[in-house]
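Following: one structure in structure tokens, then a few remarks.
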Amino acid sequence: MAQRFFLTSAIDYPNSRPHIGTAFEKIGADVQARYRRMEGYEVFFLMGNDENTVKVARRAQELGEDVLAYCNRMAGEFQEVWKALDISYDDFIQTSEVRHHDCCRAFIQKVYDAGHIYKAAYEGFYCEGCEAFKTEKELEDGKCPVHKVPAMRRQEDCYYFALSQFREKLLAYHEAHPEFIQPESRRNEVMQLIRGELLDVNITRSGQDWGIRVPWDERFTIYVWFDALLNYITAAGYGTDPERFARWWPADMHVIGKDITRFHCALWPAMCMAAGIEPPRRVFGHGFVYIKSGQETVKISKSLGTLVEPMDILSKFSAEAFRYYFLRECPFPGDGEFSWRRFAEVYNSDLANNLGNLYSRVTGLVGRNFGSVLEGTAGLKPTLPVGEQSVQEVVSRYRQQVESLHYSQALTTLWQGVLVPANQHAEKTAPWSLVKTDKPAAALVLHDLVEAVRVAAVLLKPFLPKLAATLYSSFNFAKPFAEVSTQDALESPTPQDDLRVTAETVAGKVVPLFPRIELDSVQGA
RNA sequence: CGCGGCGUGGAGCAGUGGUAGCUCGCCAGGCUCAUAACCUGGAGGUCGUAGGUUCAAAUCCUGCCGCCGCAACCA
């Protein structure tokens, strides 16, 4: 029976289109999903949009659109981007969907019935214009920044979730599951938060039309954070499909931004405990992408004009180039930077010069000297040219790094362990000369070089799915690419037939996988 | 003293006690199969700083300096 792996990314606010920072998270989660599938897990990869917020309703109003119609339109736009990036999600949830409303109401009722929700007065600064409470931080000179009117002191009833009661349980849970929060550097932060003051949270809002109604008191809607986290169990079938829920819950990994780790590490597990379900198994808080312009590193921001949309890059290059840049250049657990200049540099050196060129020279040599067929290789097991590390070491490091979401390092391992040694091997054995003096020997060398391409294709499968497929299907390897797993990088197959280049060639040459980028042609470099 | 993280050659990173490593960039040479790609060699670092522990510290401890996060609708 296949092991299951339930993976989620954070759901996004659809009040603007996705930018490269949001895309960064989805790509990272996607690599994990693809890797697990390749390793034989039955994967459920969930993504979605977080729609039950005042901001979304307001944005729709500004545009004169019906809120629900607006949400659906945005969900379409988001998914268009995710598809263009080859994000292999299995389900896309919108929190305005009926299934989510049903789940939320069932869940909050359960928690209420269990006695973890109580009614009390909330007092704070209230802006009449926004019809919402403002934190002191949000106010400017005691005035609402949007409406420029003084916020009034106001008190009203609301419902609180008794988060503070879960302090001991949360501590015990984190003690028992030190691997719960990843990367580990965030653990202290979370522990500190729980050890310190853990306040009960106001989980309802009043006077709002958009949102999910509190089932026992319809005057209230559920506060967006309480509702948002529940998307994970909605999709797993909570409240609608108990069998399905039993199959998939608890989630194996929530991939989220580092800014919301506390919600996922304190509030969320406590909510689960309150409702009598298991908390998720792991939370991974990834780093942020910043924009580098000149010497300055700035936040991605619409108002600063530093917002780069995925489509800007995709339309100029490819999903593969996009994925590679962020996975290689920005360490997933930590922060990274984007600049067009850096993008072009990484693209040229790693993709065009190293990987792409290796592929070109190997297929070219086989194409022009051997008519695309390496006679005499049938029944012959190739030997992967390696450097200082053995294949076993390379693959084991790769596994470890991918499983801990250290993608940048995993790609370094692949390049240093397979691609660089292959180019070195080519140089050392010089098949282009050897072919003139000892053709069968040259064939063997090329057989080994093709093996490096095969192994690279296998290990790239979760990272650059389309490219990996192109590489792999350029040769007559027996095993279908869809069935290939990491194990296939470890064991060189013995071909039944002579090795053959099946990629389309013109005059013995293949089309470059990654045409070099001229630096001058790159904007904002 | 609110808490936490970070500070390694021009840039980006790896490296948790024992000759400081990788990629990019730069310089020189080689090769010419290949997308002017590839390969070899070189220059460039007192590992933020001041102390301490140790036979031995980028790596452990302490002070200081600098940068960055952190309770709500912000990926």
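Per chain, numbering begins at 1; letters A, B, ... match sequence-line order. Reckoned from all heavy atoms, side chains included, excluding hydrogens, waters and symmetry mates.
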Heavy atoms only, 4.0 Å cut-off, all strands: where does [X] land among base, sugar-phosphate and nothing?
X	value
Gly356(A)	base
Phe514(A)	base
Arg186(A)	nothing
Thr53(A)	base
Tyr223(A)	base
Ala10(A)	nothing
Leu513(A)	base
Gly257(A)	sugar-phosphate
Lys509(A)	sugar-phosphate
Val289(A)	base

Could you tell me which nucleotide pairs with [N] by Watson-Crick or G-U wobble geometry, both distances under 3.5 Å, or answer none if nothing does?
N	answer
C24(B)	G10(B)
G69(B)	C3(B)
U35(B)	none
A75(B)	none

Using the [atom1] atoms only, state how far [M] lies from [N], rounded to an integer number of Å.
N	M	atom1	result
G29(B)	G21(B)	P	26 Å
G42(B)	A37(B)	P	22 Å
A11(B)	C26(B)	P	15 Å
G45(B)	G4(B)	P	36 Å
A20(B)	U46(B)	C1'	13 Å
C27(B)	G69(B)	P	37 Å
G5(B)	G17(B)	C1'	23 Å
A75(B)	U32(B)	C1'	48 Å

From the set [options], return the single nucleotide nearest to any side-chain atom of [X].
X	options	answer
Arg342(A)	C70(B), A34(B), C24(B)	C24(B)
Asp350(A)	C70(B), C73(B), U23(B)	U23(B)
Asp259(A)	C73(B), A75(B), A71(B)	A75(B)
Glu427(A)	C33(B), C74(B), U35(B)	C33(B)
Trp432(A)	A75(B), U32(B), C39(B)	U32(B)
Lys55(A)	C73(B), A72(B), A75(B)	C73(B)
Arg361(A)	C73(B), A34(B), A75(B)	A34(B)
Val201(A)	G30(B), A72(B), A75(B)	A72(B)

Between Pro512(A) and Val420(A), which is nearer to the 5' end of RNA chain B once each is assigned its nearest nucleotide?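 The residue whose closest nucleotide sits nearer the 5' end is Pro512(A).
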Can you work out whether Asp335(A) or Ser360(A) has the more 5'-proximal nearest nucleotide on RNA chain B?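 Whichever sits nearer the 5' end wins; that is Asp335(A).
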Ignoring hydrogens and geometry beyond distance, is a side-chain donor-acceptor pair present between Asp227(A) and His100(A) at under 3.5 Å?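 Checked: Asp227(A)/His100(A) side chains pair up, N/O donor to acceptor below 3.5 Å.
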For Thr53(A) and Tyr13(A), test the side chains for any donor-to-acceptor distance below 3.5 angstrom and give the result as yes or no.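 No, Tyr13(A) and Thr53(A) have no side-chain donor paired with an acceptor closer than 3.5 Å.
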May I ask you to verify if any side-chain N or O of Arg368(A) is less than 4.0 angstrom from the OP1 or OP2 atom of A34(B)?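 So the side chain of Arg368(A) is within the cut-off, an N or O lying under 4.0 Å from OP1 or OP2 of A34(B).
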U40(B) phosphate, OP1 or OP2: any side-chain N/O from Gln424(A) under 4.0 angstrom?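 Looking at the OP1 and OP2 atoms of U40(B), one of them is under 4.0 Å from a side-chain N or O of Gln424(A).
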Evaluate the criterion salt bridge (charged side-chain N to carboxylate O under 4.0 Å, His left out) for residue pair Asp86(A) and Arg323(A); output intermediate values, then yes/no. CA-CA 9 Å; Asp86(A) 288 322; Arg323(A) 293 171 64 107; 5.5 Å; no
Ser9(A) and side-chain hydrogen bond (donor to acceptor under 3.5 Å, both in side chains): which partner among Gln32(A), His254(A), Lys26(A)?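 The side-chain hydrogen bond (donor to acceptor under 3.5 Å, both in side chains) with Ser9(A) is passed solely by Lys26(A) among Gln32(A), His254(A), Lys26(A).
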How many whole angstroms separate atom CZ of Phe284(A) from atom P of A75(B)?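 After rounding, the gap between these two atoms is 19 Å.
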Whether Lys258(A) and Glu25(A) form a salt bridge (side-chain N of Lys/Arg under 4.0 Å from carboxylate O of Asp/Glu) is what I want to check.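 No salt bridge links Glu25(A) with Lys258(A).
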A34(B) base to Asn357(A) side chain: any donor-acceptor pair below 3.5 Å?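 For Asn357(A), whose side chain was compared with the base of A34(B), there is a donor-acceptor pair (under 3.5 Å).
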Could you check whether atom CD of Glu393(A) has more than 12 heavy atoms from other residues, nucleotides or ligands sitting under 6.0 Å from it?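 Yes, enclosed.
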Aromatic centroids of Tyr159(A) and Phe220(A) separated by under 6.0 Å: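 Yes.
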Are any non-hydrogen side-chain atoms of Phe24(A) and Phe338(A) less than 4.5 angstrom apart?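 No, side chains not in contact.
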